[in-house]
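None of these values were measured; they are calculated from a predicted model. In what follows, every chain begins at residue 1, and chains take the letters A, B, ... in the order their sequences are listed.
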Amino acid sequence: MEEKLQDYYSVIFEPKLLTEIIKFGKFTTIKKNELLIDVGGKITHIPLLLNGAIKIVREAKNGDEIVLYFLERGDTCAISFVNCLNSNLSKVRGIAEKDSEVIFLPIKKLEEWMAKYKSWREFIIDSYSIRLDEMIEIIDTLAFMKMDRRLLKYLQDKVKIMRDPILSVTHLQIALDLNTSRVVVSRLLKQLENEGKIKLFRKKIEVLEY
DNA sequence: ACATTAAGTGATT
DNA sequence: AATCACTTAATGT
């Protein structure tokens, strides 16, 4: 755990903070599709991603859900950190998109570190502002982009996250992530294939442009 | 061989 | 873009 932490975070965190993280953080391995945080769940720890990817999903009361964004190595859910300073309930769901390694940090410590470490303050503020930018982008995507462009963006984002141009996803899963119907996804995918942007296989999609 | 799941299609709203 | 009602294709048992 320590080496991995050094690898990604020694540049941004001061040494004293790193030792505290090692001391108080709980290192965990998470398998694909495992649930990290559920809607309404109390948050006592904030994850710091060492590697892998987490899918953040918003769920409506009627069960509709939509993918907001992905967390990658070096990311943390600053939204939930700030969120949990007020209420301790999560407004989103986090699912492992692939096998991931995470350090869980207790919220109490995080608050303490805010006062103690400049690098930690900067880290939280930075990731909060990055997240906010992403949220704006999501609003644009949802409000102004047609399904076909949303779909392409989804695929391209996923390729970046998975670091593999060949995605193992079914049309149905995509439809659920985008909150649309499978039929629509199938048709649009075919359209994208005809445009030469992707190649379709059974349970697999190769993204040619990203 | 049969059942199940993934994907394709036409028609309708 | 969504839904319906199929069809076809691939996979699992």
**Prompt:** Distance only, no hydrogens: is a donor on one side chain within 3.5 Å (strictly under) of an acceptor on the other, for A:Tyr69 and A:Glu137?
**Reply:**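 Note: A:Tyr69 and A:Glu137 side chains miss the donor-acceptor criterion.
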**Prompt:** Just by distance, with hydrogens left out, do A:Thr29 and A:Glu101 show a side-chain donor and acceptor under 3.5 Å apart?
**Reply:**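 On atom types as modelled, these side chains do not qualify, holding no pair under 3.5 Å.
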To the nearest Å, give me how far apart [atom1] ([X]) and [atom2] ([N]) are.
| X | N | atom1 | atom2 | answer |
| --- | --- | --- | --- | --- |
| A:Met145 | C:dA1 | CE | P | 11 Å |
| A:Met147 | C:dA2 | CE | P | 7 Å |
| A:Leu151 | B:dA7 | CG | C1' | 15 Å |
| A:Asn179 | C:dA1 | CG | C1' | 12 Å |
| A:Glu193 | B:dG8 | CD | C1' | 12 Å |
| A:Leu200 | B:dA6 | CG | C1' | 12 Å |
| A:Lys190 | B:dT9 | NZ | P | 5 Å |
| A:Leu188 | C:dA1 | CG | P | 6 Å |

Measure from the side chain of [X], starting at C-beta and using heavy atoms only, and say which of [options] lies closest.
| X | options | answer |
| --- | --- | --- |
| A:Lys203 | B:dA6, B:dG8, C:dC4 | B:dA6 |
| A:His171 | B:dG10, C:dA2, B:dA7 | B:dA7 |
| A:Arg202 | B:dG8, C:dA2, B:dT5 | B:dT5 |

**Prompt:** Does A:Arg187 make a side-chain donor-acceptor contact with the base of C:dA1, cut-off 3.5 Å?
**Reply:**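 Not at all, since no donor on one side and acceptor on the other fall under 3.5 Å apart.
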**Asked** Roughly how far, to the nearest 0.5 Å, is CG of A:Asn179 from CD of A:Glu59?
**Response**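 If I round to the nearest 0.5 Å, the distance is 10.5 Å.
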**Asked** Any salt bridge between A:Lys118 and A:Glu122, counting N to O under 4.0 Å?
**Response**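 Looking at A:Lys118 and A:Glu122, the cut-off is met.
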**Prompt:** Reckon A:Thr170 touches a base, only the sugar-phosphate, or nothing at all at heavy-atom distances under 4.0 Å?
**Reply:**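 Sugar-phosphate, backbone atoms only, no base.
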**Asked** So, is A:Ser186 close to the B:dA6 phosphate, meaning a side-chain N or O under 4.0 Å from OP1 or OP2?
**Response**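 False: A:Ser186 side-chain N/O out of range (4.0 Å or more) of B:dA6 OP1/OP2.
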**Message:** Is there a side-chain contact between A:Lys146 and the phosphate of C:dA1, meaning an N or O under 4.0 Å from OP1 or OP2?
**Reply:**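 It does not, given that no N or O in the side chain of A:Lys146 lies less than 4.0 Å from OP1 or OP2 of C:dA1.
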**Prompt:** Is the NZ or CZ atom of A:Lys26 both under 6.0 Å from the centre of the six-membered ring of A:Phe104 and within 45° of that ring's axis?
**Reply:**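 Because its charged atom misses either the 6.0 Å distance or the 45° angle limit, A:Lys26 does not stack over A:Phe104.
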